[in-house]
2 protein chains.
Amino acid sequence: MKEVRLLAKKAKMSDVAKLAGVGTMTVSRVLNGSAPVNEATKTRVYQAIKKLNYQPNPIARSLRQAKSNSIGIIVPNFYDPFFSTCAHAISLVAKQHQYSVSVSTSDEDANIEFTEANLMVLNHVEGLAVIPAAIGKSCFDRPEFHSTHIVTLDRPIRGHRFNSVLVENQQGAIEAVKHLIDHGHKRICCLGLSDKLYTIRARHEGYKKAMLQFNLTPDQYFGAVTEEATRILIQKAMSGRKKPTAFFVSNNFVMRHALHAFSKLNIRIPDDVALIGFDDLEMADIFVPAITVVRQPSHELGRVAAELLFARLEHKEVSLSGQQIVMPVDLVIRQSCGCNRRDIAKPRAIHKNSASFS
Amino acid sequence: MKEVRLLAKKAKMSDVAKLAGVGTMTVSRVLNGSAPVNEATKTRVYQAIKKLNYQPNPIARSLRQAKSNSIGIIVPNFYDPFFSTCAHAISLVAKQHQYSVSVSTSDEDANIEFTEANLMVLNHVEGLAVIPAAIGKSCFDRPEFHSTHIVTLDRPIRGHRFNSVLVENQQGAIEAVKHLIDHGHKRICCLGLSDKLYTIRARHEGYKKAMLQFNLTPDQYFGAVTEEATRILIQKAMSGRKKPTAFFVSNNFVMRHALHAFSKLNIRIPDDVALIGFDDLEMADIFVPAITVVRQPSHELGRVAAELLFARLEHKEVSLSGQQIVMPVDLVIRQSCGCNRRDIAKPRAIHKNSASFS
DNA sequence: TTGAAAGCGCTAACAT
DNA sequence: ATGTTAGCGCTTTCAA
């Protein structure tokens, strides 16, 4: 009953060298193209590699070269489709460059972010693409990261060393609010997660700017962190003497809470209040009513950030540091803002009732 | 203008040893607790570590020990919230065990899966938690993985070496279909992604079993890979002489397509057809109508799989291999199946109309 | 309880 | 064009 395991031990470079009748350096050079090698020898080496099924040990290589052909990605979490889309886009670019990736989440906590980033650096990642954590302060200034290329996306961090790829948060918010104003709304309420978050703050600034430009009074709330908190905020807003007739919701997380809350509170959209969100939702278009949103180019954001990172890795153009690339957003007009009132459901409902009477 | 960078070189173990006036082995032993060390020396070592801000180099450690205190996670993608939830749950358990994680995606391609898993093994991960790719054959039997502990989740793979954590796919489908039958439906159509996918196949088998048990004719379609394909499948189903009065949609990906398609085709739910899906959707409860689904314990699935993996890593209990753990699912009854017809929107619509008449 | 030497698998630097 | 030597930073092994 004894299980015999003929576990052929993993071949190493010296095995290949022996079999090919060369020194290890020749094998190394064949593998890395780091110096010219005679065609005939090269062939022998490749044959030996194949025969032994040799795979270079990336750890030994990392240790010796103090680099690893890999980059690290840190995002707040995988839940938010915006983050996972960014992470995916970055991974794709990395694969194109033959780099491997190491993905981690910060849970929006700068301490965890530091721990994870540090671990990656200890593991010799050559660069880091980060969506900085919202809570606490990202500390990529620390000496641990002095020799690591870092690009942030979605949110910037202080420091002239870092490039950032952002979206037009403020402009997008302005467009959304203006659209609501065009619909005739004067009391527009703005609902947000936390005023500590860069993106949220920028969007709320856009909101305020647009309101003030039209001599309207801004009316904004932060702290919509849970569905309940959001519901309470909405109730508070709706119980004032001057009830809002429209809501601008500054990210998709809060939007999900808000939709739940509106549903529970029996507030109809867009009949009772009009609604526009920032960041698209997967099913926004088949929701009833379809949700009007400011769409961010999440995939592009990841792609551009990754390309920037590789540009820096390859050309060592650290000179361009501190730059910010800002990507455009666009308003996707659907129904929750009051446009396109086809109201499919209503006529049908009436039809159904009359049918049941017949 | 020259920027002086006083980049204090990273301290290594010998630096610590020198400062503490001991040999490197003592430092190593203090750090790893691999042998008793005099309390006083220990203190001196800790002081030196702190003073030099020493961090052990995990790469050197990996090279020497041929292990890395890390596990690998491979999921098909990050998009599907089911997968990202699993990945997150696994990461949590790993952190509790002080292990670091390496996450990667297979894009449902067994070749990519192999490449990524192989890379992880070369990087000395001690174990692998995998949702096996749907396309192609996962090849964890290969000698490369002979000394790696592997646990799969959501989908099993052949081989007595591997434990799997699965959900009650078939039973869940049976319950869903029976529920539709309880509503009086006789022509229930089943819509799925691919018959190559373990989970889908199991659910479709459940569907078939339930149908046959009640002497109903199964009517199932695969290939709902895009929204358009799904729409065409639905149209095909609905154009037959015996139009289905209900749909069972076997995963959340197809459900999203189906909802889009039903909306485009002006098919009302649950008036024209009733609908139940497998796997919950983020906004299923506020959708109009709210979607009835078979809910899977995705977080638990990840947690249990990870715990199984660590049990094997720690106790080396390879003896229990080949086991499958099956987790229960539950039917979350909302409205799309025909239950709970509160029809919030309708009375209001009537109210609104009558109001406008008054 | 502690230290010295050897070596994990690879490549940089210097030979030839 | 190729081989030799040394060493990346750590831990295993052996000796004290």
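Chain A is the first sequence line, chain B the second, and so forth, proteins listed ahead of strands; every chain is numbered from 1.
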Notebook entry, point to check: Tell me, for nucleotides 7-16 of chain C in 5' to 3' order, what letter each nucleotide earns: B for a base near a protein heavy atom under 4.0 Å, S for only sugar-phosphate near one, - for neither?
Noted result: BBBBBBB---

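- How far CG of B:Leu309 is from OH of B:Tyr99: 9.0 Å, rounded to the nearest 0.5 Å.
- Note on B:Ser62: nothing from the nucleic acid sits closer than 4.0 angstrom, heavy atoms only.
- Distance check: B:Glu126 CD to B:Arg312 CZ gives 13.5 Å after rounding to the nearest 0.5 Å.
- If you measure from atom NE2 of B:His124 to atom C1' of D:dC10, you get 14 Å, rounded to the nearest angstrom.
- We find that B:Arg142 and B:Glu113 are not joined by a salt bridge, their nearest charged nitrogen and carboxylate oxygen being 4.0 Å or further apart.
- Side chains of B:Thr24 and B:Ser14: no donor on one and acceptor on the other come within 3.5 Å.
- With B:Asp109 contributing its side chain and B:Asn111 its backbone, the two residues share a donor-acceptor pair below 3.5 Å.
- A:Thr26 has a side-chain polar atom (N or O) that falls below the 4.0 Å cut-off from OP1 or OP2 of D:dG3.
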